[in-house]
Amino acid sequence: MSEQIMLEGVVEGIIYTNAENGYTVIDLSCDDRLITAVGIMPACNPGERVKVYGSWKMHPTFGTQFAVEKCERTLPKSAADMYRYLSGGAIKGIGPATANKIVDRFGDDSFDIIENHPERLSEIRGITRDKALEMSKSFKSQFAAREVIIALEKWGLSPSESLAAYKAFGSGAVERINENPYILCGEKTALRFERVDEIAERLPNGVKDIYRHRAGILHILRHNLSNGHTCVPREKLIIPAKELLGLEREETGEIIDDLADDRDIVIDFYEDKPYVFLAEEYLDERSIADRIGVMLRFPPAKGRISVSAIEEIEKKKGISFEQKQREAILTAVNDGLLVLTGGPGTGKTTTLNGILELFEKKKLRVLLAAPTGRAAMRMSEVTGRQAKTVHRLLEVEWGEGDKPRFTRNIENPLEADAVIVDELSMVDTHVFAALLDALPLGCRLVMVGDSDQLPPVGAGNVLQDIVESGLIPTVKLTEVFRQSLESLIVTNAHRIVKGEYPELNIKDKDFFYMQRNNMFSCAETVLDLCTKRLPKAYGSDPLEDIQIICPSKMGETGTVRINEMMQKILNPPSKDKEELARGSRIFREGDKVMQIKNNYDIVWTRGKETLAGIFNGDIGRIIAVNHNAGFMKILFDTRTAIYPFDNVKELELAYAITVHKSQGSEFDSVVMPVCCVPPRLSYRNLLYTGVTRAKNRLILVGNCEEIFAMVDNDKKTRRYSALKYMLLKDKKK
């Protein structure tokens with residue numbers, strides 16, 4: 001790592017600034033020379049004297065630049081610097097001409113006059129008293145932000161963290177954080193609990209234990225939320241609270257009760273046991289249960305489609321539905337509520353198309369949706385009709401306080417008589433609550449998914465809870481059709497789900513196994529397959545047609561290591577390719593990347609269409625890295641997204657992805673290492689989910705004993721959710 005350098009000078013001009021993340025490019029006058037400095041420097045303006053700390057970097061396009069890691073500012077003191085500051089447009093109502101008049105009249109006292117004696121500005125011809133007061137208000141606002149950021153940086157907050165704190169708490173941020181820094185853990189700023197602990201250590205007057213303890217309990221609940229739990233048994237909080245906060249059982253109980261009294265959390269009882277929720281998660285599951293209750297009490301108008309209508313479709317399409325498929329079609333059309341589940345090759349798509357035919361015959365307005373862009377595209381391909389992501393269907397946009405909100409809701413419902421949602425196993429509680437909220441009364445709802453797959457990446461277990469409640473008619477397709485039986489991927493997937501070992505010795509089908517007994521030879525084989533053997537044998541594009549799917553992130557056969565190696569082979573450094581370093585990670589033009597959290601604010605274009613929102617699991621390619629402007633361009637399928645550098649933390653390389661992140665996607669060829677799988681990930685439905693991501697070709701590389709051990713382990717990852725209990729409790733009322 002290069003040694004940090006300090007430079008001091010005056011800001012001559014602002015070349016570029018990103019108001020959201022504070023990334024700024026400035027011209028800095030330093031030692032009689034003009035240099036370009038780049039970095040997070042929020043509220044930086046011409047005329048300010050600054051000290052910048054960082055290192056020299058060579059930019060391929062813009063030449064030598066100073067990369068700023070820290071910036072300290074002082075107010076302009078001379079009349080010349082004040083003029084430069086005021087004429088830069090930072091203060092509303094003051095341009096170069098007015099700045100010249102103010103400095104000419106008041107000289108070195110100009111800032112004091114504007115801030116403390118604004119009425120004197122009206123001594124200048126052309127400046128009214130009202131205009132002078134507006135100038136003073138703008139000046140104070142500008143310096144309020146600047147002074148808050150400077151004060152917070154002294155306590156160890158980074159420039160971007162300081163900017164976020166100012167946006168969240170305004171001019172009172174310093175006082176509020178000084179009293180209770182743990183407000184920074186809240187959703188407005190979302191700093192990690194451990195990070196706030198570091199900041200708290202630097203505060204001059206210490207912090208009351210109660211603030212840390214309350215924030216710590218909420219942190220434990222948020223951590224569980226990130227692991228998919230919408231709630232936690234109260235008893236399960238005792239040990240984490242002891243380990244993180246040093247609290248005894250009684251103290252933990254008191255804090256939980258206090259948080260519940262303040263409505264920061266909710267406590268509810270299921271099967272006579274208390275469960276603890278973050279307030280929003282409780283409201284989401286409660287909303288789903290309430291809406292399903294309304295749909296069951298006021299179902300869609302009964303249909304009158306008979307078996308003969310299904311026979312007409314069979315004759316028209318030259319197909320024959322089996323008994324369960326007919327049952328599903330009749331239930332969807334006549335009753336209007338259906339959960340349709342089944343594994344690969346069982347005819348879910350054929351059944352879905354039959355339902356669509358009859359919906360359209362009844363002249364119903366039908367909307368199709370899926371959780372991810374890839375799943376929606378596949379739904380469009382197999383139905384021949386437009387499908388949207390659930391987020392786009394609900395018209396997501398930014399609400400007050402930069403929170404995502406859905407435009408379609410109970411007050412502005414969807415214009416539909418029927419909605420069909422595919423890949424329901426991927427839909428989390430928050431999104432499903434929003435979807436139900438947007439359904440008009442009497443709207444039919446068909447939910448399609450594979451209940452043997454992994455639960456969603458987000459919190460909740462919607463599909464499984466609804467199925468287990470038994471309240472909504474559910475049809476599970478189990479018969480594998482003859483044409484699908486020709487696929488060893490399909491037959492082995494069904495063997496796995498039944499707890500039977502897959503056939504690994506057949507060499508002339510679409511399912512292959514390559515024995516490798518250690519992680520190093522396994523990883524080497526995976527790389528060789530994806531970069532040489534499969535492209536040579538099948539003409540496959542390593543980036544478009546082949547996907548490596550790993551059980552784990554860590555280890556020699558985990559996504560982190562495999563991504564590093566794949567990047568070196570397929571997209572090595574080049575003078576012709578821009579790149580961005582973030583810690584140990586490098587993102588380079590041409591890299592395959594994945595978004596790892598929902599971001600409703602990232603703008604993308606497609607032709608003349610401009611919208612916002614890139615979501616967890618979306619895969620794309622970096623097509624440009626613009627250091628001067630501080631953003632990347634990434635192509636997601638047909639959408640070109642603009643990524644500010646501050647959002648790069650939401651990206652991962654995607655030459656290899658985890659099984660969990662692969663949900664809802666289908667790839668032409670899948671290569672899956674199964675060697676040294678961590679015990680916590682060695683279970684049946686994880687293997688099943690990985691296998692069923694392959695469309696035409698699957699290669700398992702690793703150890704057959706580990707594959708068989710995963711099949712034997714039918715203990716699904718325990719996920720705490722309350723939807724099933726809420727539904728059953730409501731039924732008893």
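- With values rounded to the nearest 0.5 angstrom, Leu330 atom CG is found 8.0 Å from Leu358 atom CG.
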**Asked** Tyr655 and Asp591: side-chain hydrogen bond (donor to acceptor under 3.5 Å, both in side chains), yes or no, with the steps?
**Response** CA-CA 8 Å; Tyr655 301 98; Asp591 274 336; 2.5 Å; yes

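- With salt bridges taken as basic N to acidic carboxylate O contacts below 4.0 Å, one links Asp618 and Arg639.
- Between Ala493 and Tyr688, the shortest heavy-atom distance links the atoms O-CD1, 3.4 Å.
- Under a 4.0 Å N-O distance rule, the pair Lys316/Glu357 qualifies as a salt bridge.
- Taking all atoms of both residues into account, the shortest heavy-atom contact from Ala370 to Ala376 is CB-N, 3.6 Å.
- At least one side-chain heavy atom of Cys550 sits less than 4.5 Å from a side-chain heavy atom of Pro673.
- With Lys388 contributing its side chain and Leu393 its backbone, the two residues share no donor-acceptor pair below 3.5 Å.
- No donor-acceptor distance shorter than 3.5 angstrom exists from the side chain of Glu556 to the backbone of Met519, with no hydrogens or angles considered.
- Between the side chain of Gln325 and the main chain of Gly347, a donor-acceptor pair closer than 3.5 Å is present.
- Open room surrounds CD on Glu524; 12 or fewer heavy atoms of other groups in view lie less than 6.0 Å from it.
- Using a 4.0 Å cut-off between a side-chain N of Lys or Arg and a carboxylate O of Asp or Glu, Arg561 and Glu564 qualify as a salt bridge.
- Pairs passing the side-chain hydrogen bond (donor to acceptor under 3.5 Å, both in side chains) check and including a residue from residues 526-535, sequence neighbours excluded, do not occur.
- When every heavy atom of Leu338 is checked against every heavy atom of Ala328, the shortest pair comes out as CD2-O, 3.4 Å.
- Under the rule for a ring pair (Phe, Tyr, Trp, His ring centres under 6.0 Å), Phe667 has no partner lying at least two apart in sequence or in another chain.
- In this structure, Arg719 contributes its side chain and Gly460 its backbone to a donor-acceptor pair below 3.5 Å.
- A donor-acceptor pair is defined here as one N or O able to donate and one able to accept, closer than 3.5 Å; no such pair exists between the side chain of Ser721 and the backbone of Leu723.
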**Candidate pair Lys476 and Lys324, rule side-chain contact (heavy atoms from CB on, under 4.5 Å), full reasoning** = CA-CA 8 Å; Lys476 183 168 185 176; Lys324 286 284 187 182; over 6 Å; no

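- Panel note: side chain Ser287, backbone Leu283; no donor-acceptor pair is recorded below 3.5 Å.
- No side-chain donor-acceptor contact under 3.5 Å links Ser451 to the backbone of Gly449.
- Side-chain contact check for Tyr720 and Asn224: no donor-acceptor pair (N or O, by modelled atom type) lies under 3.5 Å.
- Using a 4.5 Å heavy-atom threshold, the side chains of Val427 and Leu424 count as touching.
- Looking at heavy atoms from C-beta onward, Met447 lies in side-chain contact with Phe432 at the 4.5 angstrom threshold.
- Partners of Glu503 by side-chain hydrogen bond (donor to acceptor under 3.5 Å, both in side chains), not counting sequence neighbours: none found.
- Taken to the nearest 0.5 Å, the CG atom of Leu340 stands 9.5 Å off from the CD1 atom of Ile329.
- Screening residues 466-475 for salt bridge (charged side-chain N to carboxylate O under 4.0 Å, His left out) gives Glu468-Lys724 as the qualifying pairs, with residues at least two apart or on separate chains.
- The backbone N or O of Pro678 lies less than 3.5 Å from no partner atom in the side chain of Arg680, so there is not a single donor-acceptor pair.
- The shortest side-chain heavy-atom distance between Met710 and Arg684 does not fall under the 4.5 Å cut-off.
- Taking both residues in full, the closest heavy atoms of Met672 and Gly690 are given as SD-CA, 4.1 Å, listed atom of the first, atom of the second, then distance.
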**Evaluation steps, side-chain contact (heavy atoms from CB on, under 4.5 Å), between Val593 and Leu653** = CA-CA 4 Å; Val593 293; Leu653 292 175; 4.2 Å; yes

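- The salt bridge (charged side-chain N to carboxylate O under 4.0 Å, His left out) pairs that include a residue from residues 685-712 are Asp668-Arg697, where partners are two or more places apart or lie in different chains.
- Remark: Lys661 NZ is packed, more than 12 non-hydrogen atoms of other residues, nucleotides or ligands lying under 6.0 Å away.
- Residues Ile699 and Leu534 have side chains in contact (heavy-atom distance under 4.5 Å, counting atoms from C-beta outward).
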**Item:** Test log, rule side-chain contact (heavy atoms from CB on, under 4.5 Å), inputs Ile313 and Phe321
**Value:** CA-CA 9 Å; Ile313 296 176; Phe321 295 112; 4.1 Å; yes

**Request:** Test Ile548 against Cys530 for side-chain contact (heavy atoms from CB on, under 4.5 Å), laying out the working first.
**Result:** CA-CA 8 Å; Ile548 303 170; Cys530 296; 3.4 Å; yes

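- Applying the ring pair (Phe, Tyr, Trp, His ring centres under 6.0 Å) test to residues at least two apart or on different chains, the pairs with a partner in residues 487-516 are Tyr501-Phe708.
- Under the 4.5 Å side-chain criterion, counting only non-hydrogen atoms from C-beta, Thr559 is not in contact with Met594.
- Rounded to the nearest 0.5 angstrom, Thr429 OG1 and Asn461 CG are separated by 8.0 Å.
- Interatomic distance, Gln386 CD to Ser380 OG, rounded to the nearest 0.5 Å: 6.5 Å.
- Nearest heavy atoms, Pro551 versus Leu686: CB-CD2, 3.9 Å.
- Crowding of Ile506 atom CD1: a count of heavy atoms from other residues, nucleotides or ligands under 6.0 Å exceeding 12.
- Between Asp450 atom CG and Asn685 atom CG the span is 9.5 Å, to the nearest 0.5 Å.
- Going from atom CE of Met726 over to atom CD1 of Ile292 covers 11.5 Å, rounded to the nearest 0.5 Å.
- Using a 4.5 Å cut-off on side-chain heavy atoms (C-beta onward), Glu280 and His430 make contact.
- The heavy-atom pair separating Arg444 from Asn334 by the smallest distance is NH2-O, 4.4 Å.
- Side-chain N or O atoms of Gln547 include one that pairs as donor or acceptor with a backbone N or O of Ala654 at under 3.5 Å.
- Thr689 and Gln453 are not linked by any side-chain donor-acceptor pair at a separation below 3.5 angstrom, with hydrogens and angles left out of the test.
- Under the 3.5 Å distance criterion, the side-chain polar atoms of Asp545 are matched with a main-chain donor or acceptor of Asp541.
- The closest side-chain heavy-atom distance from Met295 to Leu439 is below 4.5 Å.
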